[in-house]
Each structure stands twice: as C-alpha cells, then as structure tokens.
Participant: 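Just dropping this structure here.
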Amino acid sequence: MSKQLPEILSITTLARTHVFEVQGVDLRFSNGELRTYERLTPQRRSSVMVLPIHNNQLIFVKEYAVGPERYELTFPKGIVDAGEQPIESANRELQEEIGFAARRIEPLRSLYSGPSHMYGLMHVFVAQDLYPSHLEGDEPEPLEIVYYPLDKMDELLADPTFAEARNLSALFLLKEYLNGK
C-alpha cells in the first residue's frame, strides 16, 4: 500500500548565501502530525560522476573538499548544464577534469545523495576508449590526476581513507558491471 504524501503547508527561506538557500518546509502528515523540515533549495539540476578506465587503470582526481577540510580522491563529476543530457555532461566533465574524452560511455545507475535534505540526483557512468581532449573547467586550482590499477579495486574499497559514499557506491557499481562482462 502506498502512503499518502504529506501536505506542504508553507515553504520559507531560512538562510541564503551566494551558493545555497536553506528552506523551512512545514508539513502535515496524513495522520495529522505537523513537522518542519529543513532542506537545501531543490535546484532540480542533476549531476554526473564518471568512472574513466584507460589502459586497465581507473583515473581519479584529487581535489579539495571543504566539508572534511582535506584533499579527497574522487572520480570526475559535476552539474548537468542547462540543455545538456547527462551523458553529454559526463563527457564534458572528463575533458575538463582529466583531459580525456570517451568514445564509449555507459550508464551504471542513478543515485540520490542525501534525499532527506536535498534533491541530489547523480547519474553514474563508466567511460572507456578514451582519447586526449581538453576543455577549460571551473576548478579553482589544477586538479591532481591519479591513476589506480583496475586489478587493485578491492584494495581501494577496503581503504578507510577512501570513504566518500558516492565514490564507494560508484566503485561497487563498477565492480558489478565488470563482473557481468
């Protein structure tokens, strides 16, 4: 049996910066309970994450993450621009972040990141048959490119310093994809 969605009674802006807006959403649930939830403004723009494979190696970037205040190993990723399809965004992000484009990009799955507090839909792709191609990106500093042997994927999955949930999910999806071949 499907539950009835809560009724949205009001939405107010609680805080606004040049990047984020925090909303208070007053809800009435079907049982009469009233609650106020807080969320980041739903921009309804999805993002992409791309797992590039070149010469039996995964290609990562190391970039600064302000949340944990450290450099993180991550896959190329970014926002889907207006008018783009996610697969086009995936190929653009590859060129901006690692200097490669892909002749073959396949979707692995779409995931939500933090759906309790934001929209956060991310499309995960695997990219193969790479060739050099560079586009100017919007990163504040040059990204460090890191190659990681594909046959050492299990070691990376077990590494406690590789702990960002989206990257771990993507790597497990890739492992399943490669095992299915």
Side-chain angles (χ1 to χ4, degrees), residues 14-15 17 19-23 25 35 37-54 56-81 84-98 100 102 105-128 130 137-141 143-181:
L14 303 175
T17 72
V19 177
F20 297 108
E21 178 179 290
V22 179
Q23 294 178 333
V25 182
R35 289 284 191 279
Y37 280 49
E38 293 179 359
R39 69 178 180 193
L40 295 175
T41 300
Q43 62 174 327
R44 298 293 180 199
R45 288 177 58 196
S46 60
S47 60
V48 294
M49 177 178 277
V50 191
L51 288 69
I53 300 173
H54 188 62
N56 289 315
Q57 296 183 89
L58 289 165
I59 304 175
F60 291 90
V61 294
K62 194 173 249 189
E63 67 180 334
Y64 185 72
V66 72
E69 299 177 0
R70 66 182 190 184
Y71 283 88
E72 291 281 336
L73 194 61
T74 185
F75 291 108
K77 63 188 175 320
I79 298 291
V80 175
D81 286 345
E84 276 185 328
Q85 293 299 312
I87 198 165
E88 295 168 322
S89 300
N91 212 16
R92 176 181 48 76
E93 289 295 337
L94 284 173
Q95 294 171 78
E96 290 176 359
E97 295 192 7
I98 65 168
F100 282 100
I105 300 178
E106 297 177 65
L108 293 178
R109 186 169 182 164
S110 296
L111 309 168
Y112 280 101
S113 173
S116 294
H117 300 287
M118 63 184 177
Y119 177 65
L121 179 63
M122 177 174 270
H123 307 282
V124 181
F125 294 92
V126 60
Q128 299 176 84
L130 305 181
D138 60 357
E139 283 71 29
E141 65 181 356
L143 298 174
E144 180 184 342
I145 309 300
V146 177
Y147 289 83
Y148 200 91
L150 203 52
D151 63 359
K152 303 236 185 251
M153 191 180 339
D154 286 334
E155 290 175 26
L156 187 57
L157 286 167
D159 184 342
T161 66
F162 185 73
E164 202 272 342
R166 296 172 302 172
N167 288 303
L168 281 168
S169 295
L171 207 52
F172 277 111
L173 289 169
L174 178 64
K175 186 175 178 177
E176 183 178 287
Y177 167 84
L178 293 173
N179 286 338
K181 284 192 153 190

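All values reported here derive from a predicted model rather than from experimental measurement.
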Participant: Using 0.5 Å steps for rounding, measure from the CD atom of Q95 to the CG atom of L130.
Facilitator: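 So the gap between those two atoms works out to 10.5 Å.
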
Participant: Does a side-chain heavy-atom distance below 4.5 Å link L73 with N167?
Facilitator: no

Participant: State, with a plain yes or no, whether a side-chain heavy atom of V61 is found less than 4.5 Å away from one of I145.
Facilitator: yes

Participant: With no hydrogens and no angle check, is any side-chain donor or acceptor of D81 less than 3.5 Å from a backbone partner on S89?
Facilitator: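 Side chain of D81 to backbone of S89: no pair is present.
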
Participant: Side chains of Y177 and E106, heavy atoms from C-beta outward: is any pair under 4.5 Å?
Facilitator: yes

Participant: Without swapping roles, check the side chain of E176 against the backbone of F172 for a donor-acceptor pair under 3.5 Å.
Facilitator: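 Side chain of E176 to backbone of F172: no pair is present.
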
Participant: Taking the side chain as everything from C-beta on, heavy atoms only, tell me whether F75 gets closer than 4.5 Å to L58.
Facilitator: yes

Participant: Of F100, Y147, F60, Y148, which is the lone residue that meets ring-ring contact (aromatic ring centres under 6.0 Å, His included) with H54?
Facilitator: F100

Participant: Quick one, L168 and L171 - any side-chain contact, counting heavy atoms below 4.5 Å?
Facilitator: no

Participant: Would a distance-only check, ignoring hydrogens and angles, find a side-chain to backbone donor-acceptor pair under 3.5 Å from E155 to K152?
Facilitator: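 No: the side chain of E155 does not pair with the backbone of K152.
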
Participant: How long is the gap from CD on E84 to CZ on R45, to the nearest 0.5 Å?
Facilitator: 9.0 Å

Participant: To the nearest 0.5 Å, what is the distance between CG (L94) and NZ (K77)?
Facilitator: 12.5 Å

